[in-house]
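Everything numeric in this text was worked out from a predicted model, so none of it was measured.
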2 protein chains.
Amino acid sequence: MCHGAFMNNISEHSRRCRSSKRADRGSTRSLIIDAAGRVFAEKGFAKTTTREICQKAGVNSAAVNYYFGSKEGLYDEVLVEAHRQIISLDQMKTIMEDSAMSDEDKLRFVFSLVFRTAANASGLWGIKVLMRELAFPSAEFPRSLKDEILPKAKLMRGLMGRLVNAPADSVKAAHAAFLVMMPCAYLLLFSEKIRSSILPELAYREEMVRSMHAYTMAGLSALRG
Amino acid sequence: MCHGAFMNNISEHSRRCRSSKRADRGSTRSLIIDAAGRVFAEKGFAKTTTREICQKAGVNSAAVNYYFGSKEGLYDEVLVEAHRQIISLDQMKTIMEDSAMSDEDKLRFVFSLVFRTAANASGLWGIKVLMRELAFPSAEFPRSLKDEILPKAKLMRGLMGRLVNAPADSVKAAHAAFLVMMPCAYLLLFSEKIRSSILPELAYREEMVRSMHAYTMAGLSALRG
DNA sequence: AAAAAATTAAAACATATGTTTGAAATTGAC
DNA sequence: GTCAATTTCAAACATATGTTTTAATTTTTT
(Lines give C-alpha, C1' and ligand atoms only; values in the text may rest on other atoms or scores of the structure.)
Protein backbone atom coordinates (compact mmCIF):
# COMPACT_ATOMS: atom_id res chain seq x y z
CA MET A 1 0.00 0.00 0.00
CA CYS A 2 3.02 2.25 0.33
CA HIS A 3 2.81 3.30 -3.26
CA GLY A 4 5.05 5.60 -5.21
CA ALA A 5 2.43 8.27 -5.64
CA PHE A 6 3.67 9.69 -2.40
CA MET A 7 7.25 9.73 -3.56
CA ASN A 8 6.91 12.78 -5.75
CA ASN A 9 8.13 14.84 -2.84
CA ILE A 10 11.23 12.86 -2.23
CA SER A 11 14.28 14.51 -3.72
CA GLU A 12 14.71 13.38 -7.25
CA HIS A 13 18.44 13.53 -6.87
CA SER A 14 18.56 10.62 -4.49
CA ARG A 15 16.48 8.55 -6.86
CA ARG A 16 18.64 9.44 -9.84
CA CYS A 17 21.98 8.83 -8.20
CA ARG A 18 21.00 5.48 -6.81
CA SER A 19 22.51 2.86 -9.05
CA SER A 20 19.49 1.56 -10.94
CA LYS A 21 19.73 -2.19 -11.18
CA ARG A 22 16.33 -3.00 -12.55
CA ALA A 23 16.33 -0.79 -15.60
CA ASP A 24 19.73 -0.33 -17.14
CA ARG A 25 19.40 2.84 -19.14
CA GLY A 26 17.25 5.20 -17.08
CA SER A 27 14.72 4.53 -14.41
CA THR A 28 11.14 3.67 -15.18
CA ARG A 29 10.17 7.13 -14.02
CA SER A 30 12.42 8.90 -16.52
CA LEU A 31 11.41 6.54 -19.28
CA ILE A 32 7.78 7.47 -18.68
CA ILE A 33 8.44 11.22 -18.60
CA ASP A 34 10.36 11.08 -21.85
CA ALA A 35 7.79 8.95 -23.65
CA ALA A 36 4.99 11.12 -22.26
CA GLY A 37 6.74 14.29 -23.42
CA ARG A 38 6.99 12.99 -26.94
CA VAL A 39 3.38 11.86 -27.11
CA PHE A 40 1.95 14.96 -25.39
CA ALA A 41 3.94 17.17 -27.79
CA GLU A 42 2.57 15.31 -30.77
CA LYS A 43 -1.04 14.83 -29.73
CA GLY A 44 -1.79 17.15 -26.85
CA PHE A 45 -3.08 16.14 -23.45
CA ALA A 46 -6.61 15.12 -24.36
CA LYS A 47 -5.77 12.85 -27.29
CA THR A 48 -2.96 11.11 -25.44
CA THR A 49 -3.64 7.87 -23.63
CA THR A 50 -1.60 6.61 -20.74
CA ARG A 51 -1.58 3.20 -22.36
CA GLU A 52 0.27 4.54 -25.40
CA ILE A 53 2.78 6.31 -23.17
CA CYS A 54 3.48 3.14 -21.22
CA GLN A 55 3.75 1.10 -24.36
CA LYS A 56 6.27 3.56 -25.87
CA ALA A 57 8.19 3.59 -22.59
CA GLY A 58 8.11 -0.18 -22.40
CA VAL A 59 6.59 -0.25 -18.94
CA ASN A 60 3.39 -1.55 -17.43
CA SER A 61 0.21 0.49 -17.71
CA ALA A 62 -0.07 0.84 -13.97
CA ALA A 63 3.29 2.60 -13.75
CA VAL A 64 1.88 6.05 -14.54
CA ASN A 65 -0.40 5.96 -11.55
CA TYR A 66 2.22 4.31 -9.41
CA TYR A 67 4.81 7.02 -10.02
CA PHE A 68 2.72 10.12 -10.71
CA GLY A 69 -0.64 9.47 -9.12
CA SER A 70 -2.57 10.34 -12.25
CA LYS A 71 -2.31 11.41 -15.85
CA GLU A 72 -2.48 15.03 -14.67
CA GLY A 73 0.33 14.42 -12.22
CA LEU A 74 2.48 13.05 -15.02
CA TYR A 75 1.64 16.05 -17.18
CA ASP A 76 2.76 18.40 -14.42
CA GLU A 77 6.13 16.69 -14.31
CA VAL A 78 6.37 16.85 -18.09
CA LEU A 79 5.84 20.62 -17.96
CA VAL A 80 8.58 20.99 -15.37
CA GLU A 81 10.97 18.97 -17.52
CA ALA A 82 9.95 21.00 -20.58
CA HIS A 83 11.16 24.20 -18.97
CA ARG A 84 14.47 22.60 -18.11
CA GLN A 85 14.98 21.68 -21.77
CA ILE A 86 14.89 25.24 -23.15
CA ILE A 87 16.59 27.86 -21.01
CA SER A 88 16.61 28.53 -17.30
CA LEU A 89 15.55 31.85 -15.88
CA ASP A 90 19.05 32.30 -14.49
CA GLN A 91 20.70 31.74 -17.85
CA MET A 92 18.34 34.22 -19.42
CA LYS A 93 18.96 36.78 -16.70
CA THR A 94 22.69 36.49 -17.21
CA ILE A 95 22.38 37.23 -20.88
CA MET A 96 19.84 40.03 -20.57
CA GLU A 97 21.93 41.80 -17.95
CA ASP A 98 25.23 41.36 -19.78
CA SER A 99 26.44 44.90 -20.31
CA ALA A 100 29.11 43.82 -22.80
CA MET A 101 26.41 42.76 -25.27
CA SER A 102 24.38 45.22 -27.32
CA ASP A 103 20.58 44.98 -27.28
CA GLU A 104 20.67 44.11 -30.96
CA ASP A 105 22.99 41.21 -30.25
CA LYS A 106 20.72 40.04 -27.46
CA LEU A 107 17.84 39.93 -29.89
CA ARG A 108 19.99 37.99 -32.31
CA PHE A 109 20.79 35.57 -29.52
CA VAL A 110 17.08 35.00 -28.91
CA PHE A 111 16.52 34.34 -32.61
CA SER A 112 19.32 31.82 -32.82
CA LEU A 113 18.06 30.08 -29.68
CA VAL A 114 14.65 29.85 -31.31
CA PHE A 115 16.10 28.49 -34.51
CA ARG A 116 18.28 25.98 -32.79
CA THR A 117 15.24 24.78 -30.90
CA ALA A 118 13.01 24.69 -33.97
CA ALA A 119 15.61 22.75 -35.95
CA ASN A 120 15.98 20.25 -33.09
CA ALA A 121 12.25 20.02 -32.58
CA SER A 122 12.20 16.27 -33.16
CA GLY A 123 14.51 15.61 -30.23
CA LEU A 124 13.27 18.36 -27.93
CA TRP A 125 9.62 17.82 -27.19
CA GLY A 126 9.59 20.42 -24.41
CA ILE A 127 9.10 23.46 -26.57
CA LYS A 128 6.12 21.92 -28.35
CA VAL A 129 4.43 21.09 -25.09
CA LEU A 130 4.98 24.63 -23.77
CA MET A 131 3.75 26.24 -26.99
CA ARG A 132 0.64 24.12 -26.85
CA GLU A 133 0.06 25.45 -23.36
CA LEU A 134 0.49 29.01 -24.57
CA ALA A 135 -2.08 28.57 -27.30
CA PHE A 136 -4.48 26.29 -25.48
CA PRO A 137 -3.63 26.23 -21.80
CA SER A 138 -4.79 23.07 -20.14
CA ALA A 139 -6.62 22.96 -16.86
CA GLU A 140 -3.42 21.52 -15.43
CA PHE A 141 -1.35 24.60 -16.29
CA PRO A 142 0.27 25.09 -12.90
CA ARG A 143 0.80 28.41 -11.22
CA SER A 144 4.41 27.52 -10.62
CA LEU A 145 4.99 27.48 -14.35
CA LYS A 146 3.33 30.81 -14.81
CA ASP A 147 5.80 32.00 -12.22
CA GLU A 148 8.53 30.77 -14.53
CA ILE A 149 7.07 32.14 -17.75
CA LEU A 150 6.17 35.59 -16.51
CA PRO A 151 9.67 36.49 -15.28
CA LYS A 152 11.11 35.41 -18.63
CA ALA A 153 8.47 37.47 -20.42
CA LYS A 154 9.37 40.45 -18.27
CA LEU A 155 13.02 40.17 -19.28
CA MET A 156 11.97 40.11 -22.92
CA ARG A 157 9.80 43.18 -22.44
CA GLY A 158 12.72 44.98 -20.88
CA LEU A 159 14.80 44.26 -23.95
CA MET A 160 11.96 45.31 -26.23
CA GLY A 161 11.46 48.53 -24.34
CA ARG A 162 15.12 49.46 -24.76
CA LEU A 163 14.99 48.60 -28.45
CA VAL A 164 12.04 50.94 -29.09
CA ASN A 165 13.23 53.51 -26.58
CA ALA A 166 10.20 53.25 -24.30
CA PRO A 167 9.44 51.98 -20.78
CA ALA A 168 9.12 48.21 -20.44
CA ASP A 169 5.52 48.50 -19.34
CA SER A 170 4.47 50.89 -22.12
CA VAL A 171 2.02 50.05 -24.86
CA LYS A 172 4.78 50.57 -27.40
CA ALA A 173 6.98 47.95 -25.76
CA ALA A 174 4.04 45.56 -25.62
CA HIS A 175 3.42 46.02 -29.34
CA ALA A 176 7.09 45.46 -30.06
CA ALA A 177 7.25 42.33 -27.92
CA PHE A 178 4.18 40.96 -29.65
CA LEU A 179 5.32 41.71 -33.19
CA VAL A 180 8.81 40.34 -32.62
CA MET A 181 7.97 37.24 -30.63
CA MET A 182 4.91 35.96 -32.47
CA PRO A 183 6.80 34.74 -35.53
CA CYS A 184 9.16 32.99 -33.12
CA ALA A 185 6.28 31.39 -31.31
CA TYR A 186 4.69 30.18 -34.48
CA LEU A 187 8.00 28.94 -35.82
CA LEU A 188 8.10 26.65 -32.83
CA LEU A 189 4.46 25.71 -32.81
CA PHE A 190 3.35 25.59 -36.42
CA SER A 191 2.40 22.18 -37.67
CA GLU A 192 5.17 20.97 -39.95
CA LYS A 193 2.63 19.34 -42.24
CA ILE A 194 0.81 22.61 -42.80
CA ARG A 195 3.91 24.81 -43.00
CA SER A 196 5.51 22.68 -45.66
CA SER A 197 2.36 22.73 -47.78
CA ILE A 198 1.74 26.47 -47.50
CA LEU A 199 5.34 27.73 -47.36
CA PRO A 200 7.58 24.98 -48.75
CA GLU A 201 10.40 27.48 -49.35
CA LEU A 202 10.66 28.29 -45.66
CA ALA A 203 13.53 26.25 -44.26
CA TYR A 204 15.28 26.60 -40.93
CA ARG A 205 18.45 28.06 -42.36
CA GLU A 206 20.87 30.83 -41.60
CA GLU A 207 19.22 32.75 -44.41
CA MET A 208 15.98 32.83 -42.47
CA VAL A 209 17.71 34.13 -39.32
CA ARG A 210 19.17 36.99 -41.36
CA SER A 211 15.78 37.82 -42.85
CA MET A 212 14.14 37.80 -39.45
CA HIS A 213 16.81 39.96 -37.95
CA ALA A 214 16.77 42.53 -40.75
CA TYR A 215 12.98 42.64 -40.84
CA THR A 216 12.70 42.96 -37.09
CA MET A 217 15.32 45.67 -36.63
CA ALA A 218 13.75 47.76 -39.39
CA GLY A 219 10.31 47.30 -37.90
CA LEU A 220 11.48 48.23 -34.43
CA SER A 221 13.20 51.28 -35.81
CA ALA A 222 9.89 52.35 -37.34
CA LEU A 223 8.13 51.89 -34.00
CA ARG A 224 10.79 53.93 -32.27
CA GLY A 225 10.51 56.95 -34.59
CA MET B 1 -34.49 3.78 -40.89
CA CYS B 2 -34.39 6.64 -43.36
CA HIS B 3 -32.19 8.67 -41.15
CA GLY B 4 -30.96 12.19 -41.62
CA ALA B 5 -27.35 11.20 -42.01
CA PHE B 6 -28.07 10.85 -45.68
CA MET B 7 -29.52 14.32 -45.92
CA ASN B 8 -26.18 16.08 -45.81
CA ASN B 9 -26.21 16.16 -49.59
CA ILE B 10 -29.58 17.75 -49.93
CA SER B 11 -29.33 21.46 -50.60
CA GLU B 12 -29.33 23.33 -47.40
CA HIS B 13 -31.26 26.13 -49.03
CA SER B 14 -34.41 24.07 -49.37
CA ARG B 15 -34.19 23.09 -45.74
CA ARG B 16 -33.62 26.65 -44.59
CA CYS B 17 -36.38 28.22 -46.63
CA ARG B 18 -38.91 25.64 -45.61
CA SER B 19 -41.05 27.19 -42.96
CA SER B 20 -39.75 25.53 -39.83
CA LYS B 21 -42.70 24.68 -37.67
CA ARG B 22 -41.00 22.55 -35.04
CA ALA B 23 -38.24 24.87 -33.99
CA ASP B 24 -39.06 28.52 -34.22
CA ARG B 25 -35.68 30.16 -34.36
CA GLY B 26 -33.48 27.98 -36.55
CA SER B 27 -33.65 24.31 -37.37
CA THR B 28 -32.17 21.67 -35.10
CA ARG B 29 -29.39 21.18 -37.59
CA SER B 30 -28.30 24.82 -37.48
CA LEU B 31 -28.63 24.92 -33.74
CA ILE B 32 -26.26 21.98 -33.48
CA ILE B 33 -23.69 23.46 -35.89
CA ASP B 34 -23.65 26.75 -34.02
CA ALA B 35 -23.37 25.15 -30.60
CA ALA B 36 -20.71 22.77 -31.92
CA GLY B 37 -18.71 25.63 -33.42
CA ARG B 38 -18.63 27.43 -30.12
CA VAL B 39 -17.60 24.38 -28.14
CA PHE B 40 -15.05 23.14 -30.68
CA ALA B 41 -13.50 26.64 -30.80
CA GLU B 42 -13.21 26.71 -27.04
CA LYS B 43 -12.08 23.15 -26.32
CA GLY B 44 -10.90 21.59 -29.55
CA PHE B 45 -12.21 18.41 -31.10
CA ALA B 46 -10.88 15.89 -28.62
CA LYS B 47 -12.06 17.56 -25.45
CA THR B 48 -15.51 18.28 -26.81
CA THR B 49 -18.33 15.87 -26.10
CA THR B 50 -21.40 15.53 -28.25
CA ARG B 51 -23.48 15.55 -25.11
CA GLU B 52 -22.32 19.06 -24.23
CA ILE B 53 -23.02 20.26 -27.76
CA CYS B 54 -26.53 18.87 -27.67
CA GLN B 55 -27.17 20.30 -24.25
CA LYS B 56 -26.01 23.77 -25.36
CA ALA B 57 -28.14 23.46 -28.50
CA GLY B 58 -31.11 22.29 -26.49
CA VAL B 59 -31.59 19.13 -28.54
CA ASN B 60 -31.48 15.44 -27.81
CA SER B 61 -28.14 13.64 -27.67
CA ALA B 62 -29.06 11.43 -30.59
CA ALA B 63 -29.48 14.42 -32.90
CA VAL B 64 -25.78 14.67 -33.78
CA ASN B 65 -25.72 11.20 -35.21
CA TYR B 66 -29.11 11.62 -36.79
CA TYR B 67 -28.11 14.73 -38.74
CA PHE B 68 -24.36 14.29 -39.25
CA GLY B 69 -23.74 10.58 -38.93
CA SER B 70 -20.96 11.05 -36.40
CA LYS B 71 -18.99 13.54 -34.38
CA GLU B 72 -16.48 13.70 -37.26
CA GLY B 73 -19.27 14.39 -39.73
CA LEU B 74 -20.45 17.27 -37.59
CA TYR B 75 -16.92 18.62 -37.37
CA ASP B 76 -16.63 18.59 -41.15
CA GLU B 77 -19.74 20.73 -41.42
CA VAL B 78 -18.40 23.08 -38.74
CA LEU B 79 -15.22 23.58 -40.78
CA VAL B 80 -17.25 24.39 -43.88
CA GLU B 81 -19.28 26.92 -41.94
CA ALA B 82 -16.10 28.37 -40.43
CA HIS B 83 -14.77 29.29 -43.85
CA ARG B 84 -18.02 30.98 -44.75
CA GLN B 85 -17.71 33.17 -41.65
CA ILE B 86 -14.40 34.83 -42.60
CA ILE B 87 -13.95 35.68 -46.26
CA SER B 88 -14.71 33.80 -49.44
CA LEU B 89 -12.05 33.06 -52.02
CA ASP B 90 -13.96 35.16 -54.54
CA GLN B 91 -14.09 38.19 -52.26
CA MET B 92 -10.39 37.86 -51.63
CA LYS B 93 -9.63 37.51 -55.34
CA THR B 94 -11.60 40.67 -56.08
CA ILE B 95 -9.58 42.66 -53.60
CA MET B 96 -6.19 41.24 -54.52
CA GLU B 97 -6.78 41.91 -58.21
CA ASP B 98 -8.20 45.40 -57.71
CA SER B 99 -5.82 47.61 -59.69
CA ALA B 100 -7.19 50.79 -58.13
CA MET B 101 -5.77 49.76 -54.74
CA SER B 102 -2.09 49.95 -53.86
CA ASP B 103 -0.36 46.90 -52.47
CA GLU B 104 0.18 48.77 -49.23
CA ASP B 105 -3.55 49.42 -48.95
CA LYS B 106 -4.25 45.77 -49.63
CA LEU B 107 -2.02 44.83 -46.72
CA ARG B 108 -3.80 47.36 -44.57
CA PHE B 109 -7.09 45.78 -45.60
CA VAL B 110 -5.85 42.37 -44.47
CA PHE B 111 -4.80 43.80 -41.12
CA SER B 112 -8.14 45.45 -40.51
CA LEU B 113 -9.95 42.25 -41.49
CA VAL B 114 -7.81 40.40 -38.96
CA PHE B 115 -8.52 42.96 -36.27
CA ARG B 116 -12.22 43.06 -36.94
CA THR B 117 -12.25 39.28 -36.64
CA ALA B 118 -10.12 39.22 -33.49
CA ALA B 119 -12.27 41.84 -31.82
CA ASN B 120 -15.41 39.88 -32.71
CA ALA B 121 -13.89 36.61 -31.65
CA SER B 122 -16.58 35.89 -29.11
CA GLY B 123 -19.31 35.89 -31.73
CA LEU B 124 -17.31 34.38 -34.58
CA TRP B 125 -16.12 30.96 -33.59
CA GLY B 126 -15.02 30.07 -37.11
CA ILE B 127 -11.61 31.68 -37.00
CA LYS B 128 -10.69 29.93 -33.79
CA VAL B 129 -11.63 26.57 -35.21
CA LEU B 130 -9.59 27.21 -38.36
CA MET B 131 -6.57 28.45 -36.42
CA ARG B 132 -6.68 25.35 -34.28
CA GLU B 133 -6.56 23.31 -37.46
CA LEU B 134 -3.56 25.28 -38.69
CA ALA B 135 -1.64 24.66 -35.49
CA PHE B 136 -2.84 21.15 -34.74
CA PRO B 137 -4.58 19.75 -37.80
CA SER B 138 -7.08 17.07 -36.89
CA ALA B 139 -7.38 13.77 -38.66
CA GLU B 140 -10.62 15.12 -40.05
CA PHE B 141 -8.95 18.04 -41.84
CA PRO B 142 -10.58 17.56 -45.21
CA ARG B 143 -8.84 17.96 -48.54
CA SER B 144 -11.62 20.21 -49.71
CA LEU B 145 -10.63 22.73 -47.06
CA LYS B 146 -6.99 22.59 -48.00
CA ASP B 147 -8.22 23.41 -51.48
CA GLU B 148 -9.77 26.52 -49.99
CA ILE B 149 -6.83 27.54 -47.83
CA LEU B 150 -4.08 27.05 -50.38
CA PRO B 151 -5.59 29.36 -53.03
CA LYS B 152 -6.01 32.06 -50.40
CA ALA B 153 -2.42 31.55 -49.27
CA LYS B 154 -1.29 31.86 -52.90
CA LEU B 155 -3.03 35.21 -53.22
CA MET B 156 -1.28 36.41 -50.08
CA ARG B 157 2.09 35.26 -51.40
CA GLY B 158 1.46 37.16 -54.60
CA LEU B 159 0.90 40.30 -52.58
CA MET B 160 3.96 39.63 -50.46
CA GLY B 161 6.09 39.06 -53.53
CA ARG B 162 5.08 42.42 -54.99
CA LEU B 163 5.76 44.13 -51.67
CA VAL B 164 9.33 42.81 -51.46
CA ASN B 165 9.87 43.04 -55.21
CA ALA B 166 10.43 39.33 -55.74
CA PRO B 167 8.63 36.43 -57.43
CA ALA B 168 5.70 34.98 -55.49
CA ASP B 169 7.40 31.59 -55.24
CA SER B 170 10.77 32.97 -54.12
CA VAL B 171 12.31 32.33 -50.74
CA LYS B 172 12.19 36.05 -50.05
CA ALA B 173 8.43 36.17 -50.58
CA ALA B 174 8.02 33.14 -48.35
CA HIS B 175 9.97 34.84 -45.58
CA ALA B 176 7.91 37.97 -45.98
CA ALA B 177 4.63 36.08 -45.91
CA PHE B 178 5.72 34.24 -42.79
CA LEU B 179 6.95 37.31 -40.92
CA VAL B 180 3.88 39.37 -41.79
CA MET B 181 1.19 36.78 -41.29
CA MET B 182 2.37 35.05 -38.15
CA PRO B 183 1.51 37.90 -35.79
CA CYS B 184 -1.91 37.95 -37.45
CA ALA B 185 -2.32 34.24 -36.95
CA TYR B 186 -1.36 34.45 -33.35
CA LEU B 187 -3.56 37.45 -32.77
CA LEU B 188 -6.45 35.24 -33.80
CA LEU B 189 -5.32 32.12 -32.02
CA PHE B 190 -3.63 33.24 -28.84
CA SER B 191 -5.38 32.29 -25.68
CA GLU B 192 -6.98 35.41 -24.24
CA LYS B 193 -6.15 34.24 -20.74
CA ILE B 194 -2.45 34.02 -21.49
CA ARG B 195 -2.25 37.16 -23.63
CA SER B 196 -3.82 39.31 -20.97
CA SER B 197 -1.43 38.04 -18.32
CA ILE B 198 1.73 38.39 -20.40
CA LEU B 199 0.84 41.45 -22.46
CA PRO B 200 -1.99 43.26 -20.66
CA GLU B 201 -1.28 46.47 -22.56
CA LEU B 202 -2.02 44.84 -25.88
CA ALA B 203 -5.59 45.76 -26.81
CA TYR B 204 -7.36 45.36 -30.10
CA ARG B 205 -7.37 49.03 -30.94
CA GLU B 206 -6.69 51.26 -33.89
CA GLU B 207 -3.37 52.04 -32.25
CA MET B 208 -2.32 48.43 -32.64
CA VAL B 209 -3.25 48.40 -36.34
CA ARG B 210 -1.06 51.46 -36.87
CA SER B 211 1.86 49.83 -35.05
CA MET B 212 1.51 46.65 -37.03
CA HIS B 213 1.33 48.51 -40.30
CA ALA B 214 4.31 50.75 -39.59
CA TYR B 215 6.39 47.84 -38.29
CA THR B 216 5.49 45.61 -41.20
CA MET B 217 6.11 48.16 -43.95
CA ALA B 218 9.51 49.03 -42.49
CA GLY B 219 10.41 45.36 -42.17
CA LEU B 220 9.36 44.60 -45.72
CA SER B 221 11.33 47.54 -46.96
CA ALA B 222 14.40 46.08 -45.26
CA LEU B 223 13.80 42.72 -46.93
CA ARG B 224 13.44 44.44 -50.29
CA GLY B 225 16.74 46.31 -50.13
C1' DA C 1 -58.87 12.60 -41.80
C1' DA C 2 -55.62 8.84 -42.69
C1' DA C 3 -51.28 7.20 -43.93
C1' DA C 4 -46.51 7.87 -44.63
C1' DA C 5 -42.40 10.16 -43.63
C1' DA C 6 -39.49 12.73 -40.79
C1' DT C 7 -38.00 14.07 -36.37
C1' DT C 8 -37.44 13.82 -31.37
C1' DA C 9 -36.75 11.44 -27.06
C1' DA C 10 -35.13 8.25 -23.49
C1' DA C 11 -32.68 4.53 -22.67
C1' DA C 12 -29.52 0.95 -23.72
C1' DC C 13 -25.11 -0.45 -25.81
C1' DA C 14 -20.21 -0.84 -26.82
C1' DT C 15 -15.94 0.67 -26.30
C1' DA C 16 -11.99 3.34 -24.83
C1' DT C 17 -9.47 4.78 -21.09
C1' DG C 18 -7.95 6.36 -16.44
C1' DT C 19 -7.44 3.94 -12.32
C1' DT C 20 -7.18 0.33 -8.77
C1' DT C 21 -6.15 -4.17 -7.02
C1' DG C 22 -3.63 -7.99 -5.32
C1' DA C 23 -0.19 -11.10 -6.23
C1' DA C 24 4.45 -11.97 -7.98
C1' DA C 25 9.08 -10.50 -8.61
C1' DT C 26 12.95 -7.74 -7.37
C1' DT C 27 15.85 -5.13 -4.45
C1' DG C 28 18.43 -3.60 -0.40
C1' DA C 29 19.50 -3.95 4.57
C1' DC C 30 20.73 -6.79 8.32
C1' DG D 1 20.23 -16.09 3.46
C1' DT D 2 16.14 -13.79 5.39
C1' DC D 3 12.89 -10.37 5.60
C1' DA D 4 10.76 -6.06 4.73
C1' DA D 5 10.19 -2.57 1.35
C1' DT D 6 9.81 -1.47 -3.27
C1' DT D 7 8.61 -2.22 -7.90
C1' DT D 8 6.39 -4.73 -11.70
C1' DC D 9 2.71 -7.11 -13.76
C1' DA D 10 -1.76 -8.83 -15.48
C1' DA D 11 -6.22 -8.39 -14.76
C1' DA D 12 -10.26 -6.22 -13.20
C1' DC D 13 -12.97 -1.98 -12.34
C1' DA D 14 -15.47 2.30 -13.06
C1' DT D 15 -16.65 5.78 -15.77
C1' DA D 16 -17.17 8.75 -19.76
C1' DT D 17 -18.64 9.05 -24.23
C1' DG D 18 -19.82 8.06 -29.16
C1' DT D 19 -23.38 5.45 -31.09
C1' DT D 20 -27.58 2.66 -31.80
C1' DT D 21 -32.15 1.30 -30.92
C1' DT D 22 -36.96 1.55 -30.50
C1' DA D 23 -40.93 3.90 -29.63
C1' DA D 24 -43.44 8.22 -29.35
C1' DT D 25 -44.40 12.52 -31.55
C1' DT D 26 -44.79 15.74 -35.14
C1' DT D 27 -45.05 17.02 -39.91
C1' DT D 28 -46.17 16.29 -44.66
C1' DT D 29 -48.75 14.16 -48.25
C1' DT D 30 -52.74 12.37 -50.27
From the set C/dG18, D/dT19, C/dT21, return the single nucleotide nearest to any side-chain atom of A/A62. C/dT21
Rounded distance in Å - NZ (B/K47) to P (C/dG18): 13 Å
Expressed as a whole number of angstroms, how long is the span from A/N65:CG to D/dA12:P? 18 Å
Give a yes/no answer on whether the side chain of A/Y67 brings an N or O atom under 4.0 Å of OP1 or OP2 in D/dT8. yes
Select one nucleotide: of D/dT19, C/dT20, D/dC9, the one nearest the side-chain heavy atoms of A/N60. D/dC9
Once you measure the plane-to-plane angle for A/F111 and A/H213, does it fall in the parallel (<30°), tilted (30-60°) or perpendicular (>60°) bin? perpendicular
Note: B/K43-B/E52 ion pair, threshold 4.0 Å (strictly below): yes
Write down the distance between NZ (A/K71) and P (C/dT20), rounded to a whole number of angstrom. 15 Å
Value in whole Å for how far the C1' atom of C/dA16 lies from NZ of A/K43: 13 Å
With a 4.0 Å cutoff (strictly under), does any side-chain N or O of A/S61 reach OP1 or OP2 of D/dC9? no
Rounding to an integer number of Å, can you tell me how far B/Y66 OH sits from D/dT27 C1'? 11 Å
Nearest-Å distance for atom pair CD/C1', residues A/Q55 and C/dG18: 16 Å
Picking from D/dG18, C/dT19, C/dA10, the nucleotide nearest the side-chain atoms of A/R51 would be C/dT19
Donor-acceptor pair, distance only, cut-off 3.5 Å: does the side chain of A/K71 make one with the backbone of A/T48? yes
Return the value, rounded to whole Å, for the distance between atom CZ of A/F68 and atom P of D/dT8. 11 Å
Any carboxylate oxygen within less than 4.0 angstrom of a Lys/Arg side-chain nitrogen, looking at A/E201 and B/R157? yes
Would you indicate, yes or no, if D/dT17 has its OP1 or OP2 atom less than 4.0 angstrom from a side-chain nitrogen or oxygen of B/T49? no
Please give, in whole Å, the distance from D/dT27 P to B/R29 CZ? 20 Å
Nearest heavy-atom approach of A/V64 to A/C54 is CG2-SG, 3.6 Å
